[in-house]
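One structure below.
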Amino acid sequence: MSRSYFPIGGLGLKLIAAFLLVIVVGVAVTAILANQATTSEFRLYMFRGGMGSAGQVRAALAEYYAQRGSWAGVEAVFEADMGQMGMMGRFGRGPMGPMMSATMMGSDLALANASGRIVYSPQGRAGQQASSAELENGLPILVNGRRVGTLLGSALPLTAQDQAFLDQVNRAILVSGLIAGGLALILGAVLAASITAPLRRLRAAAEAIAQGRLDQRVPPGLPDEIGALSAAFNRMAEGLAQAEELRRRMVADIAHELRTPLSVIQAQVEALLDGVFPADAEHIRPIHEETLLLRRLVDDLRTLALADAGQLQLERAPTDVAGLVQRAVFRFQPQALEKGVTLTAEVASDLPTLKLDAQRMDQVLGILLDNALRYTPAGGRVCVRVERRGQDGRLYLGVSDTGPGIPAEDLPHVFDRFWRGEKSRSRAGGGSGLGLAIAKQLVEAHGGRLWAESTPGQGSTFFMELPVPKV
Ligand code: ADP
């Protein structure tokens with residue numbers, strides 16, 4: 001695990017490398033562009049400044065062209081010297097400053113026309129085509145915004161001093177590049193550490209969870225993508241912990257539920273084998289009853305397991321809901337009579353025929369009626385009401401009783417597996433705590449809802465809502 005304590009891992013190094021790459025590319029581009037610009041500006045500076053009044057020559061040439069409309073006889077402009085100021089009068093207007101001769105400028109200034117052909121050259125290049133580099137480095141001569149020619153300078157080699165100046169510029173660029181690179185390294189490291197630290201915590205927590213330590217949580221951090229990832233991770237860990245807790249409880253509950261009937265069967269069979277009881281119907285019946293209990297428990301567990309796996313097969317067929325409810329109520333009348341409880345049904349007349357698994361729905365009604373009768377004391381009432389409600393005419397079924405009711409804090413749990421209000425009493429009554437869990441699964445498999453409302457001391461109502469498809 002030593003790797004996880006190293007502040008910068010693969011991602012961090014990539015981030016720093018990306019930072020450095022951007023800086024190196026940026027500095028390189030800047031250096032190349034700055035060098036090019038500096039060199040050409042420098043040449044231009046020498047061309048303009050070092051050669052004194054090339055600008056003035058250019059102005060004189062522009063003036064000349066403006067007046068003549070061509071470069072014919074332009075040599076005169078170059079050949080005129082300082083003393084020949086009178087020449088200015090020939091084609092110049094107003095004061096144009098000292099006019100230098102080409103000789104005096106100590107250079108070999110040449111002139112190319114608009115198409116780049118040399119029209120004047122002290123080295124006899126007249127008539128040749130100027131190279132594009134020459135034209136690019138030359139001074140354009142503009143008349144009314146149109147380029148009518150280019151004053152060409154000579155490609156003077158840079159002096160040692162000039163070169164030193166350029167080297168200094170390059171050094172400055174290099175130094176600033178190095179400083180920027182160093183800063184990028186530091187900033188990249190800080191940024192990388194701030195990004196990778198929560199990721200490393202997440203990885204450590206995920207590894208711990210993989211090893212079964214489900215209590216792992218990570219600090220929520222900033223409200224950014226990593227923060228959202230941390231929150232999602234915590235929710236996942238919470239879900240896993242709950243699922244694991246549920247699984248453990250289920251296994252413990254199942255073992256517990258199986259133990260009681262098995263113990264009874266074992267004791268009973270041993271007594272029979274030892275000859276303590278005769279093997280007659282009276283002594284074998286309890287074994288049969290416990291076997292039936294075990295069978296029911298296993299069937300219930302199987303139903304829940306199928307529902308969990310989404311493999312609960314419903315055999316839906318058009319079912320007359322009113323008839324279904326009335327038959328169920330009729331079936332429970334003897335039980336109600338025996339307990340001294342009044343069992344009634346209020347079934348609306350406009351109930352539809354729904355495509356239901358009648359056997360499963362009967363099972364649901366059985367669970368609700370069995371519970372209602374079991375928890376309602378003698379003299380109480382149990383009423384089943386079925387009607388359509390709402391604009392879409394949903395089917396509502398309510399099983400109300402006048403039993404003890406369910407405390408508000410228990411209401412959310414009554415549909416949990418193996419949950420029982422008063423454990424000892426319910427177990428004595430034969431309940432395993434799976435009834436409502438199964439009923440809920442079956443109703444939901446039909447696309448409906450099952451919930452409970454209760455006023456402790458006055459009774460409870462279990463509601464079922466079923467969708468009615470539009471015809
Ligand atoms: P059981 O097999 O124990 O009845 P159920 O899942 O059917 O299991 O019910 C779970 C618990 O819900 C019961 O133990 C009981 O505490 C409570 N309960 C269910 N129906 C009623 C009711 N009509 N009145 C009061 N409590 C009820």
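Whatever order the structure lists them in is the order used to number ligands and atoms, beginning at 1.
The shortest heavy-atom distance from Ser460 to ligand 1 is under 4.0 Å. Residue contact check for ligand 1: His413 places no non-hydrogen atom closer than 4.0 Å to it. Not a single heavy atom of Phe415 sits closer than 4.0 Å to an atom of ligand 1.
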Item to complete: Report the C-alpha distance between Asp410 and His413 in whole Å, list the side-chain angles of each, state the deciding distance to 0.1 Å, and finish with yes or no for side-chain hydrogen bond (donor to acceptor under 3.5 Å, both in side chains).
Response: CA-CA 5 Å; Asp410 287 350; His413 298 295; 6.0 Å; no
Discussion item. The test is side-chain hydrogen bond (donor to acceptor under 3.5 Å, both in side chains); show your working for Glu270 and Gln266 and say whether it passes.
Written reply: CA-CA 6 Å; Glu270 279 172 4; Gln266 185 188 0; 3.2 Å; yes
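When Ile438, Asp401, Asp416, Asn371 are ranked by how near their heavy atoms come to atom 23 (N) of ligand 1, first place goes to Asp401.
Counting atoms of ligand 1 from 1 in the listed order, those under 4.0 Å from a heavy atom of Val414 are 6 (O), 10 (C), 12 (O).
Using cut-offs of 30° and 60° for the angle between ring planes, the Trp451 and Phe463 rings count as parallel. In this structure, His283 and Phe277 have parallel ring planes: the angle between them is below the 30° cut-off, well short of the 60° mark.
For Phe462, no nitrogen or oxygen atom sits less than 3.5 Å from a nitrogen or oxygen atom of ligand 1, counting backbone and side chain alike. Between Ile367 and ligand 1, not a single N/O pair is under 3.5 Å apart. Considering backbone and side-chain atoms together, Arg420 places no N or O closer than 3.5 Å to any N or O of ligand 1.
Of all the heavy atoms of Leu436, the ones lying under 4.0 Å from any atom of ligand 1 are found in both the backbone and the side chain.
Leu354 places a side-chain heavy atom less than 4.5 Å from the side chain of Leu395. Between Phe19 and Leu191 there is a side-chain heavy-atom pair separated by less than 4.5 Å.
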